[in-house]
Number of protein chains: 2
Amino acid sequence: MPDVTLKDVAVRAGVHVGTASRALDPKRRHLVNAETRQRVEAAAGELGYRVNVLARSLRKGSTGMIGAVVADLGNPFLPPMLRGLDEVLGPRGYMIAVSETHEDPETFRRVCEQLIARRVDGIVISAAHVGDGDFISTLEQSLPVVLAVRRVSGGGHHTVTHDDILGARLVTEYLVNLGHQRLAQLRGPDDVSSFAGRSRGFQEVIAEHGCTEVVTHGRAGEPTTAEGKRLAAALLAADVDRPTAIFAQNDLMAIGALEALGEAGLRCPDDVSIVGYNDAPLTEHLTPPLTTVRLPSNALGRRVAAMMLDQLDQTNEPPNTVQLEPELVIRASAAAPARDGSRRMSA
Amino acid sequence: MPDVTLKDVAVRAGVHVGTASRALDPKRRHLVNAETRQRVEAAAGELGYRVNVLARSLRKGSTGMIGAVVADLGNPFLPPMLRGLDEVLGPRGYMIAVSETHEDPETFRRVCEQLIARRVDGIVISAAHVGDGDFISTLEQSLPVVLAVRRVSGGGHHTVTHDDILGARLVTEYLVNLGHQRLAQLRGPDDVSSFAGRSRGFQEVIAEHGCTEVVTHGRAGEPTTAEGKRLAAALLAADVDRPTAIFAQNDLMAIGALEALGEAGLRCPDDVSIVGYNDAPLTEHLTPPLTTVRLPSNALGRRVAAMMLDQLDQTNEPPNTVQLEPELVIRASAAAPARDGSRRMSA
DNA sequence: ATGAAAGCGCTAACAA
DNA sequence: TTGTTAGCGCTTTCAT
């Protein structure tokens, strides 16, 4: 209970704290007599000494902690990303502190302030909304910041994202090549760059091929199963103009669409093709197995970490953004449209 | 970049740091002249002052951080639990620091030591293996510890778990009442109390009803889909003794079993019933929707937090363990066994 | 109501 | 090679 301090160790080893400090520091133990060092190590061991990182950090001016601000830990692409961070930052002596924002702007700011107050050496942000650029610039005055997954408008930040435009293009081109002419998308919140990018990629391809985007009013407030279902139901209700393929901007919404389809007495992919995004766990076990887009999240985490290290090491790299390529995973939820056009009824 | 300190604020406000400190502390600002206080607050605002929590913690002897040691963030019951922690600890001024062990004993110890070196005020451990009791007792000499989800052998620790025996009993009784006589389980690693408890609950019910447990050699090294599939395949290969129902100790293994069934040309639940555990996301969208057990993870997190608070507040509660009741979620992967006994062949 | 000063535990520059 | 000393930025007695 009573914390044992370096002084206690020093006393027991019969040396002064300075010497004890040196003896215990891997980088400077060579400056101390081998025999003394062993005495110190022994004393430390017997006393169960554990360095007080607080005191050390205060003195050294750095804590060896990197904050990671994420929107929601339940998001399945986050654990691999965080692991990636840890894999490269860990061996360099850094520890990752994860905080959630639940997409709440106020929580976002509070959490960042909190992290700074605790003097983390850097912050990784994957919870940004597009309008957060100014706030983030503020943070950058205090410490290194790297944006992960989500970018903000304006640029000028160190950022690593998935190439969402490409991902959406992959999906849409695949669908168009299958023969679809009337497509729709289930959109996530537009103030998150990932969804905005997917919208854009989709629309680019639609335009390039002269296809039709079937639109309904509104996008998902939260990109959940329930919202996906609601949005998809709206799309399927207008029987005449029904799309033959739906691109859901994430897997949850795709599943909602699958449900809506079922309730409308339609089949996937026979009547309507559906493609998701993220390749969440278990999507391969759905019926039908979901065609979706796989993100290199672990690689992204490692890349983010490397970029953070650049800044921590003062390599004055100018802010830039790297985009990692996602991959289309073809399973069974998308197929060529039925030959008899859009008026096909349920079986 | 140049951190602004309390002294800077004091100078700008024309007061001494002691006064500035008081003025900024909600608990003691009443000790300072209203007008002075406003000057200090103004100065702090203009300078962008952010308290150095390191220095404060060093002085106060507590950091306001609680470490949470988990095995794997990818485990879907963790986010709700962590949120539960945050919901009750956050308002009390604590911040949660999450670390992963990946089930590696060495990492587990290293992470705990690390947390102590950083002088967290308490540790929540949900990554324990049954044999970790002694090590944990060691930790308890330094700070408050609460065990979450997983218990260790020996007792004597503050712990909150799901009632795994009950959960398994619920499953097994349901299966037996459906008419099953020959059942099997897909076991997870026995050095994790959760799985050990499920094994026990299953076997209790089997014994009480005079049913037969169909066993194969071995249990899952890691309770994954692949392992579940391998184990289930072994069970189904022995055609004569095939069980009519399989209890998978988690949903991933249940999905593996579903696959094995498919490859063996068998149907679920017609030929073999399968029940999972955890109610992971998307299990309700499988074919068939998975009957499983739902865990009150958020409530567990809150309970753990409350127990931690007890210790932090020196309410000398003796160590005890509370068990939260899980709930059987009946969907479609389990049904009454076929009338024609165990020799039924695939369609 | 405010100032002065000690000290939390550690590291690093300087002496010896 | 080791001892000495000065802080890192803050809170908190104790004076005033």
Side-chain angles (χ1 to χ4, degrees), chain A residues 1-41 43-44 47-65 93 116-121 142, chain B residues 1-41 43-44 47-65 93 116-121 142:
Chain A
M1 288 308 211
D3 269 359
V4 16
T5 79
L6 191 56
K7 196 164 110 197
D8 299 327
V9 174
V11 168
R12 179 176 244 259
V15 298
H16 275 247
V17 301
T19 309
S21 174
R22 280 184 288 254
L24 262 19
D25 180 352
K27 283 175 189 156
R28 276 177 317 153
R29 57 149 148 250
H30 65 274
L31 295 177
V32 42
N33 184 301
E35 193 261 336
T36 341
R37 187 179 70 210
Q38 306 204 336
R39 274 214 320 286
V40 174
E41 282 167 350
L47 261 27
Y49 171 72
R50 287 186 268 237
V51 65
N52 186 329
V53 177
L54 251 45
R56 169 187 292 175
S57 300
L58 181 58
R59 178 61 230 247
K60 290 189 128 156
S62 80
T63 54
M65 290 197 38
I116 291 181
R118 290 188 184 275
R119 295 300 188 270
V120 296
D121 294 337
S142 306
Chain B
M1 286 307 209
D3 270 357
V4 16
T5 78
L6 190 57
K7 196 165 109 197
D8 299 328
V9 175
V11 168
R12 179 175 246 258
V15 298
H16 273 248
V17 304
T19 309
S21 174
R22 282 184 285 255
L24 261 19
D25 179 354
K27 284 174 188 155
R28 272 177 320 155
R29 56 148 150 252
H30 66 272
L31 295 176
V32 43
N33 184 302
E35 193 260 335
T36 334
R37 187 178 71 209
Q38 306 205 336
R39 274 215 319 288
V40 175
E41 281 167 350
L47 260 27
Y49 171 73
R50 287 186 268 238
V51 64
N52 185 329
V53 177
L54 251 43
R56 169 187 293 176
S57 300
L58 182 58
R59 177 63 229 246
K60 290 190 135 165
S62 80
T63 55
M65 289 195 38
I116 291 182
R118 291 192 183 273
R119 295 300 188 271
V120 294
D121 293 338
S142 306

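The distance from atom CG of A:Leu58 to atom CZ of B:Arg56, rounded to the nearest 0.5 Å, is 13.5 Å. Rounding to the nearest 0.5 Å places OG of A:Ser57 at 8.0 Å from CG of A:Asp121. In this structure, CG in B:Leu54 is found 9.5 Å from CE in A:Met65, a value given to the nearest 0.5 Å.
Rounded to an integer number of Å, the gap from A:Leu6 CG to D:dG7 P is 20 Å. We find that CG of B:Asp25 is positioned 7 Å from P of D:dT12, with the value rounded to whole Å. In this structure, CZ of A:Arg28 is placed 14 Å from C1' of C:dC14, rounded to the nearest angstrom. Distance B:Lys7 NZ to C:dA5 C1': 14 Å, rounded to the nearest Å. One interatomic measurement links the two molecules: CG of A:Asn52 to P of C:dT11, which rounds to 9 Å at whole-angstrom precision. Rounded to whole Å, the distance from CZ on B:Arg39 to P on C:dA1 is 14 Å. A:Leu54 has its CG atom 15 Å from the C1' atom of C:dG7, to the nearest Å. Between the CZ atom of A:Arg56 and the C1' atom of C:dG9 there is a distance of 11 Å, rounded to whole Å.
The base of D:dG3 sits with one of its N or O atoms less than 3.5 Å from a complementary donor or acceptor on the side chain of A:Arg22. Residue-to-nucleotide contacts include no donor-acceptor pair under 3.5 Å from the side chain of B:Arg119 to the base of C:dG9.
Residue B:Arg59 has no polar side-chain atom (N or O) positioned under 4.0 Å from OP1 or OP2 of D:dT12. Proximity of B:Thr36 to the phosphate of C:dT2: a side-chain N or O atom is located under 4.0 Å from OP1 or OP2. Listed pair B:Ser21 / D:dC10 fails the phosphate criterion, with no side-chain N or O lying under 4.0 Å from OP1 or OP2.
Along DNA chain C, the nucleotide closest to B:Val32 and the one closest to A:Val53 are compared, and the more 5′ of them pairs with B:Val32. The residue among A:His30 and A:His16 whose nearest nucleotide of DNA chain D lies closer to the 5′ end is A:His30. Comparing B:Leu58 and B:Gly18, the nucleotide of DNA chain D nearest to each residue sits closer to the 5' end for B:Leu58.
At a threshold of 4.0 Å, the pair B:Asp25-B:Arg22 does not count as salt-bridged, since none of the basic side-chain nitrogens sits closer than that to a carboxylate oxygen. Salt bridge absent: A:Arg50 and A:Asp3 never bring a charged side-chain N and a carboxylate O closer than 4.0 Å.
Nucleic acid contact for B:Thr5: sugar-phosphate only, since backbone atoms but no base atoms lie under 4.0 Å from a heavy atom of the residue. Using a 4.0 Å heavy-atom criterion, one finds that B:Val15 contacts the sugar-phosphate atoms exclusively.
Closest contact between the side chain of B:Lys60 and the listed nucleotides C:dT2, D:dG9, D:dT11 involves D:dT11. Among the nucleotides D:dT11, D:dT1, C:dA1, the one closest to the side chain of B:Asn33 is C:dA1.
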